[in-house]
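Chain A is the first sequence line, chain B the second, and so forth, proteins listed ahead of strands; every chain is numbered from 1.
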Amino acid sequence: MSAELAKVRYLHLPRWTAAAVLAAAVLVGLGLLIFPPSDAGRYASTSSFAMSITLTIAAIVYGVWIATLEFASGTWQRTLTAEPDRNTVLLAKLAVLLLGLAGLGVVAVGTTIGLSEFAASRAGADVDQGDVARQVAATLPPAIAAGVVGFGFGLLAGSMGGGIAFAFAFVFVLDGFLTQIPGLGDWTFGTVSGDVQTEIAGDGTAEHGLVAALLVTIAWSAVILAPGWLRLLRGDLK
Amino acid sequence: MERPAASPYSARTVAAGEPHPLEFDGLVKRYGRRTVIDRLSFTVPEGAIVGLLGPNGAGKSTAMRVLLGLQRPSEGHARVLGREAGQPGFRAAVRKVGAIIESPPLYKRASALQNLEIRVRAYGLSTADADVRGVLNKVGLADRADDAVGDFSLGMRQRMGLALALVNDPSIVVLDEPTNGLDPGGTVEVRELVKELPRRGATALVCTHRLAEVEAMCDYVVVLAKGKLLRQGSLAEVISSAHGNRLAVRVAPEELEVATRVLRALDLGDVRVIDGEVTTTRIPENPSVVTRALAGEGIYLRGLAVERASLEDAFLEIVGGAAA
């Protein structure tokens with residue numbers, strides 16, 4: 001795992017992705033500061049919406065990148081001569097993905113919450129600070145799940161472009177179509193990961209309880225992860 | 001107890017039960033219906049530098065990938081220190097290998113030093129454990145340690161690939177076109193690096209199209225074409241098998257008949273008299289055996305000329321013969 005952490009530290013994409021997320025967090029805060037909303041509830045919803053979109057996109061990009069880095073660089077030979085057990089390599093990559101997303105998410109969410117509350121206090125708005133924190137923090141678990149989905153599609157595609165295209169198509173398009181299928185509609189990836197967010201945010205409008213929604217989100221992630229993982233275990237590499 | 005090395009060309013011996021560093025045993029690799037390696041069998045003896053030669057598409061790189069567990073064999077085996085991918089002990093065996101297959105495996109956005117750090121961390125080492133700056137110095141990149149390797153020239157990337165292959169102090173080195181893109185000075189440096197490997201107990205399998213490099217570096221040669229093994233042997237054996245090798249012995253005219261008989265007895269290929277000289281199509285490893293054999297019959301030389309074929313002659317003949 002040490003080598004995977006070093007790649008994240010030394011290569012550009014994770015740094016740029018992190019910078020973009022933090023920049024978005026700062027921009028949201030500045031936006032709320034410069035253009036204070038009239039409705040106090042908008043501080044939480046605006047911050048939550050912005051973080052949800054930003055973190056989801058960043059998580060997919062980061063997930064696909066970490067899965068496809070060795071394909072793109074032609075570096076499987078050096079990775080697998082140091083650690084020929086492909087399961088171990090993939091688990092290390094997945095662990096670094098989860099750690100990275102959690103770390104970045106905590107910083108970004110913390111920044112957003114802090115700036116949002118600062119903007120509200122400057123505008124003299126009466127906001128429930130706990131509510132802002134819960135709503136913004138709730139965006140993190142679905143984003144991590146989206147990162148795992150990106151990782152899975154990255155492994156399956158074997159290329160950054162292909163992985164991102166597949167993952168975006170699934171998360172933003174296909175998942176919407178799946179909601180139209182009777183029986184499955186209530187249990188799509190988007191529905192259950194949205195329920196996780198809603199439950200943590202404490203909106204009380206989720207279709208499923210937190211545990212059920214979380215378990216099905218994990219199951220969806222595993223289902224999307226499995227084909228690419230198996231392909232890598234069994235396939236020929238360069 | 002010692003047993004002969006499985007390789008017919010190896011003069012070395014291997015202790016009983018001790019595996020060869022690298023071994024191909026009836027290896028077959030197919031992509032769909034296309035067979036790219038067809039029952040390939042040869043071994044790389046310990047401490048040897050073996051040149052793996054073949055035209056484009058011969059299956060050399062594929063054989064190396066199967067050896068390192070990057071690709072799976074369709075049939076047969078490829079072993080590193082007696083272990084093949086998926087077997088217990090393969091991890092420990094393959095971690096003793098330093099390899100470059102085709103282009104050097106580099107993270108182009110990272111610096112030379114960072115690339116090496118990622119590599120040594122993958123072995124569970126720290127940069128303090130591995131002499132990363134020493135390796136960069138050895139390949140002539142010490143002054144570019146902090147530059148992104150994506151900005152390196154082709155030759156510098158090749159040097160960087162070598163640094164990656166050598167940084168874990170491997171006992172087996174597998175190099176695919178190690179002098180690709182290097183200037184003449186760099187080529188000589190790399191050649192010296194490779195030739196130094198057996199002196200520190202390492203074994204090397206080198207795949208290259210530069211036949212002059214093979215002649216300068218390798219002890220043994222394996223020739224492949226269309227996935228099949230065409231010839232293997234010591235460098236001298238392979239070269240001496242080519243047409244174009246000629247030993248011409250000048251003796252007194254009345255001694256030509258006896259000299260011809262003596263040389264035929266030495267198994268020197270086709271022996272005949274041409275323009276008052278006895279010529280052979282094979283050259284003995286040590287031409288003094290000819291002098292001694294003739295002296296034994298009371299014949300003294302008036303002249304002896306040796307014309308050697310090059311590895312290029314031998315390679316083209318072997319590969320051309322297979323194509324025909």
Side-chain angles (χ1 to χ4, degrees), chain A residues 1-19 61-62 64-96 99-100 155 158-160 229-238, chain B residues 29 31 61-62 64-74 80 83-87 90-111 113-127 148-150 161 164-165 167-168 170 172 174 176:
Chain A
M1 201 164 102
S2 169
E4 296 302 327
L5 283 169
K7 289 172 199 173
V8 172
R9 203 169 127 209
Y10 293 139
L11 302 177
H12 285 197
L13 188 133
R15 273 186 273 167
W16 283 111
T17 307
V61 169
Y62 180 41
V64 173
W65 174 82
I66 207 163
T68 59
L69 172 64
E70 319 302 342
F71 290 104
S73 322
T75 42
W76 275 117
Q77 55 175 286
R78 62 185 272 186
T79 303
L80 292 179
T81 48
E83 179 47 79
D85 184 343
R86 299 182 187 188
N87 272 316
T88 304
V89 172
L90 289 178
L91 282 171
K93 284 181 177 291
L94 189 56
V96 169
L99 273 176
L155 287 179
S159 75
M160 184 90 184
W229 193 293
L230 291 174
R231 178 177 178 265
L232 195 111
L233 291 188
R234 294 175 184 171
D236 286 342
L237 297 169
K238 287 200 170 182
Chain B
K29 179 66 185 173
Y31 294 129
S61 299
T62 303
M64 290 179 169
R65 287 197 194 100
V66 174
L67 188 70
L68 299 177
L70 294 166
Q71 301 195 351
R72 305 194 188 283
S74 304
V80 177
R83 306 288 177 173
E84 59 187 305
Q87 275 189 341
F90 180 72
R91 180 178 186 266
V94 84
R95 285 170 75 112
K96 292 178 180 166
V97 178
I100 320 177
I101 303 173
E102 292 183 338
S103 53
L106 304 173
Y107 299 110
K108 295 188 177 75
R109 299 282 189 152
S111 72
L113 212 52
Q114 289 167 344
N115 262 281
L116 287 176
E117 184 184 332
I118 292 168
R119 176 80 172 155
V120 298
R121 282 184 184 280
Y123 286 99
L125 303 170
S126 71
T127 46
V149 299
L164 286 166
V167 75
N168 58 324
I172 301 168
V174 175
D176 195 357

Intermediate values then yes/no, side chain to side chain contact (heavy atoms under 4.5 Å, CB included), A:Arg78 and B:Tyr107
CA-CA 11 Å; A:Arg78 62 185 272 186; B:Tyr107 299 110; 3.5 Å; yes
Under 4.5 Å, counting heavy-atom pairs only, tell me which of B:Leu106, B:Asn168, B:Val120, B:Leu68 racks up the most with chain A.
B:Leu106
Donor-acceptor pair between B:Arg119 and A:Thr75 side chains, under 3.5 angstrom
no
Considering only heavy atoms and a distance below 4.5 Å, find which of B:Glu117, B:Lys96, B:Glu102, B:Gln71 pairs most often with chain A.
B:Gln71
Quick one: does A:Gln77's side chain have a donor or acceptor within less than 3.5 Å of a partner on B:Pro105's backbone?
no
Which bit of A:Glu4 comes within less than 4.5 Å of chain B, counting heavy atoms only: side chain, backbone, both or neither?
neither
Picking from B:Val66, B:Thr62, B:Val94, which has the most non-hydrogen pairs under 4.5 angstrom with chain A?
B:Val94
Relative to chain A, which of B:Lys108, B:Met64, B:Arg95 shows the most heavy atom pairs under 4.5 Å?
B:Arg95
Per-residue contact mode, B:Leu164 against chain A (heavy atom under 4.5 angstrom):
side chain
I need the B:Leu113 CG to A:Tyr10 OH distance, nearest 0.5 Å.
8.0 Å
Contact part of B:Asn115 toward chain A, heavy-atom cut-off under 4.5 Å: side chain, backbone, both or neither?
both
How about B:Arg109 and A:Arg15: do any of their side-chain heavy atoms sit closer than 4.5 Å?
no
Using the test salt bridge (charged side-chain N to carboxylate O under 4.0 Å, His left out), find all partners of A:Asp85 that sit at least two apart in sequence or belong to another chain.
none
Please look at B:Gln114 and chain A and tell me whether the side chain, the backbone, both or neither of the residue comes under 4.5 angstrom of a heavy atom of that chain.
both
Choice from A:Ala92, A:Ala72, A:Pro84 maximising heavy atom contacts with chain B below 4.5 Å:
A:Pro84
Between A:Leu11, A:Leu80, A:Thr79, A:Leu5, which residue shows the highest count of heavy-atom pairs closer than 4.5 Å to chain B?
A:Leu11
Where do A:Asp236 and B:Arg72 land on the side chain to side chain contact (heavy atoms under 4.5 Å, CB included) test, with the steps shown first?
CA-CA 6 Å; A:Asp236 286 342; B:Arg72 305 194 188 283; 4.2 Å; yes
